[in-house]
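As a basis for the values below, the full set of heavy atoms in this structure was taken, side chains included, without hydrogen atoms, waters or symmetry mates. Both ligands and their constituent atoms are indexed starting at 1 by order of listing.
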Amino acid sequence: MTADRPYDIVLFGATGFTGALTAEYLARNADPGTRWALAGRNQAKLAAVRDRLAELDPACADLPLLHADTTDAASIEEIAESARVVITTVGPYVKYGEPLVAACARAGTDYVDLTGEPTFVDRMYVKYHDAAVRSGARIVHACGFDSIPHDLGAYYTVKQLPEGVPLHVEGFLRVRGDASGGTLHSAVGIFGDTAGMIRAERERRQVEDRPAGRTVRISRRPAPKARIGGGWTLPLPTIDPQIVVRSAAALDRYGPDFSYGHYVAVKRFATAAGMAAGSGALLALATLPPTRSLLLRLRTPGDGPAEERRARNWFSVKFVGEGGGRRVVTEVAGGDPGYTETAKMLAESALCLAHDDLPETAGQVTTATAMGDALIDRLVKAGITFRVLDAG
Ligand SMILES: NC(=O)c1ccc[n+]([C@@H]2O[C@H](COP(=O)([O-])OP(=O)(O)OC[C@H]3O[C@@H](n4cnc5c(N)ncnc54)[C@H](OP(=O)(O)O)[C@@H]3O)[C@@H](O)[C@H]2O)c1
């Protein structure tokens, strides 16, 4: 049992760009009585974060500051053993993330992060899923814009459709956003090691059970079946569709044969062509060491878009779901995807694990599987839209 631990939530990485926003969100919105603490490797920076939080809520002046550095295994074990849930924004996760997943899996501590790095998620599954199942820890990756709107949006769409029949869902993302230094460094890491990503995926496939008697798959159709509105669509090969089909594999409600296609939608052909060329260029530049270091110099870890910029950003994911003779269109939408809303989604995920009555799960689990409706309720109360646009 973890109930007698000193903290409900420890936030690791509170001194980073997204970590500080997550700390502010918790200071303003944590459920009354939540016992939480900040953790990081630099005490002076942590104290400065706490001073800013105390301006929002004077009670934060007493927040405990815990020393934790990924190069010091004992400090990581200590935070895992002191909390019921650990939030981490310490990325790139491929570089820094493993010790904390290992410690949480061992200690039976629930864990949430912001990774969008498939290699990291697959490696953590292979190495720690079984230990987490044994200890009862819920290891929930991708609790930010990657992949909550897509995972919970697909889940919400499935729930509008008939049960026990084959279902096909397509998600179409429209977005205006920016990238922080931490995100740029993580993205370059993903694009720069596609061979490692393929290897990690293969190793996972060798050990992961498939759902018995049911089929789930990512639809790779380049031109989606269910276009919405005008404009152009491109397949979006992010971690999101992988997470969606893992939820489908875990939950019978997705039916006997579930497929999911994931796309970005833009108004103009020129934008679509620019995005395709830009992704190709990023892939090429991230692969070669000299151009990779030039790319990394574009933004420094710790930097991110200012509040006025974030206030202009937005996202909308429209889902078209079909099956059993029905067709529904739904939408998940909100403000600045990468940071303001990501901090909200991450903090609400941790609060949900700490306080809500949830289905029994353990091991590496998705947001839909571990938290589903309870997390949707929290996000709706926090201002993120989940709605049915057309019930067919
Ligand atoms: N999925 C999404 O939608 C989404 C959205 C936003 C961000 N992200 C991801 O979240 C991660 C963080 O992004 P960010 O922009 O907030 O990054 P950031 O500003 O660079 O923050 C990184 C944090 O990690 C800490 N850190 C680095 N090395 C450490 C170590 N060895 N031990 C302990 N702490 C260490 C830093 O501490 P110091 O302050 O002491 O340097 C800082 O607190 C990235 O991987 C990014 O891709 C994902």
Q.
For a 4.5 angstrom cut-off between non-hydrogen side-chain atoms, does Arg204 reach Val121?
A.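 Arg204 vs Val121: side chains touch.
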
Q. Which is it for Leu152 and Val332 under the side chain to side chain contact (heavy atoms under 4.5 Å, CB included) test, yes or no, and what are the steps along the way?
A. CA-CA 9 Å; Leu152 292 185; Val332 180; over 6 Å; no

[atom] - nearest protein heavy atom and its distance:
atom	answer
atom 35 (C) of ligand 1	Val90 CG1, 3.5 Å
atom 45 (O) of ligand 1	Ser186 OG, 2.7 Å
atom 4 (C) of ligand 1	Leu114 O, 3.9 Å
atom 41 (O) of ligand 1	Arg41 NH2, 2.7 Å
atom 39 (O) of ligand 1	Thr15 OG1, 2.6 Å
atom 17 (O) of ligand 1	Gly182 CA, 3.5 Å
atom 15 (O) of ligand 1	Ser180 OG, 2.6 Å

(Q) Test your reading of the model: is there a side-chain donor-acceptor pair from Thr367 to the backbone of Cys143, 3.5 Å cut-off? (A)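 No; zero donor-acceptor contacts below 3.5 Å.
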
Atoms of ligand 1, numbered as shown, that sit under 4.0 Å from any heavy atom of [X]:
X	answer
Gly16	19 (O), 21 (O), 42 (C), 43 (O)
Asp69	30 (C), 31 (N), 32 (N), 33 (C)
Lys45	38 (P), 39 (O), 40 (O), 41 (O)
Gly91	45 (O)
Thr18	6 (C), 7 (C), 13 (O), 14 (P), 15 (O), 16 (O)
Gly302	18 (P), 19 (O), 20 (O)
Gly13	43 (O)

Q: Take His150 and Phe145, measure what side chain to side chain contact (heavy atoms under 4.5 Å, CB included) needs, and give me the verdict at the end.
A: CA-CA 8 Å; His150 321 286; Phe145 183 63; 4.0 Å; yes

Q: Look at the aromatic rings of Phe258 and Tyr254 and report parallel, tilted or perpendicular, splitting at 30° and 60°.
A: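 Aromatic pair Phe258/Tyr254 classed perpendicular.
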
How far does [atom1] of [X] sit from [atom2] of [Y], to the nearest 0.5 angstrom?
X	Y	atom1	atom2	result
Glu24	Asn29	CD	CG	11.0 Å
Asp240	Tyr260	CG	OH	7.0 Å
Asp72	His67	CG	NE2	5.0 Å
Trp314	Thr340	CH2	OG1	15.0 Å
Ser259	Glu170	OG	CD	8.0 Å
Asp178	Asp336	CG	CG	7.0 Å

Please check whether [X] reaches ligand 1 - meaning an N/O of the residue sits under 3.5 Å from an N/O of the ligand, judged on distance alone.
X	answer
Ala14	no
Phe17	yes
Thr70	yes
Thr115	no
Tyr339	no
Asp146	yes
Asn42	no
Asp303	no
Gly338	no
Phe12	no

Locate the shortest heavy-atom distance separating [X] from [Y]; write the atom from each residue and the value.
X	Y	result
Ala374	Leu358	CB-CD2, 3.5 Å
Leu56	Ala27	CD1-CB, 4.4 Å
Leu114	Gly144	CD2-CA, 3.5 Å

(Q) Check Asp62 with Arg50, please: is the shortest side-chain N to carboxylate O separation under 4.0 Å? (A)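 No salt bridge links Arg50 with Asp62.
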
Q: Salt-bridge test for Arg378 and Asp31: reply yes if a basic N is under 4.0 Å from a carboxylate O, no otherwise.
A: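 Yes, charged N to carboxylate O under 4.0 Å.
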
(Q) Under 4.0 Å, heavy-atom basis, I'd like to know which part of Ala68 is in contact with ligand 1: side chain, backbone, both or neither. (A)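 The backbone, only.
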
Q | Thr89 contact mode with ligand 1 (heavy-atom cut-off under 4.0 Å) | A |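 Near ligand 1, Thr89 shows its backbone, while the atoms from C-beta on stay back.
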
Identify every side-chain donor-acceptor pair in residues 103-112 under 3.5 Å, counting partners at least two apart or on other chains, and give the distances.
from, atom 1, to, atom 2, distance (Å)
Arg106, NH2, Glu77, OE2, 2.5
Thr109, OG1, Arg5, NH1, 2.6
Thr109, OG1, Ala80, O, 2.6
Asp110, OD1, Arg138, N, 2.9
Asp110, OD1, Arg138, NE, 3.2
Asp110, OD2, Arg138, NE, 3.2
Asp110, OD2, Arg138, NH2, 2.7
Tyr111, OH, Asp113, OD2, 2.7

Residue-ligand contact [X]/ligand 1, heavy atom below 4.0 Å:
X	result
Ser147	no
Gly304	no
Gly40	no

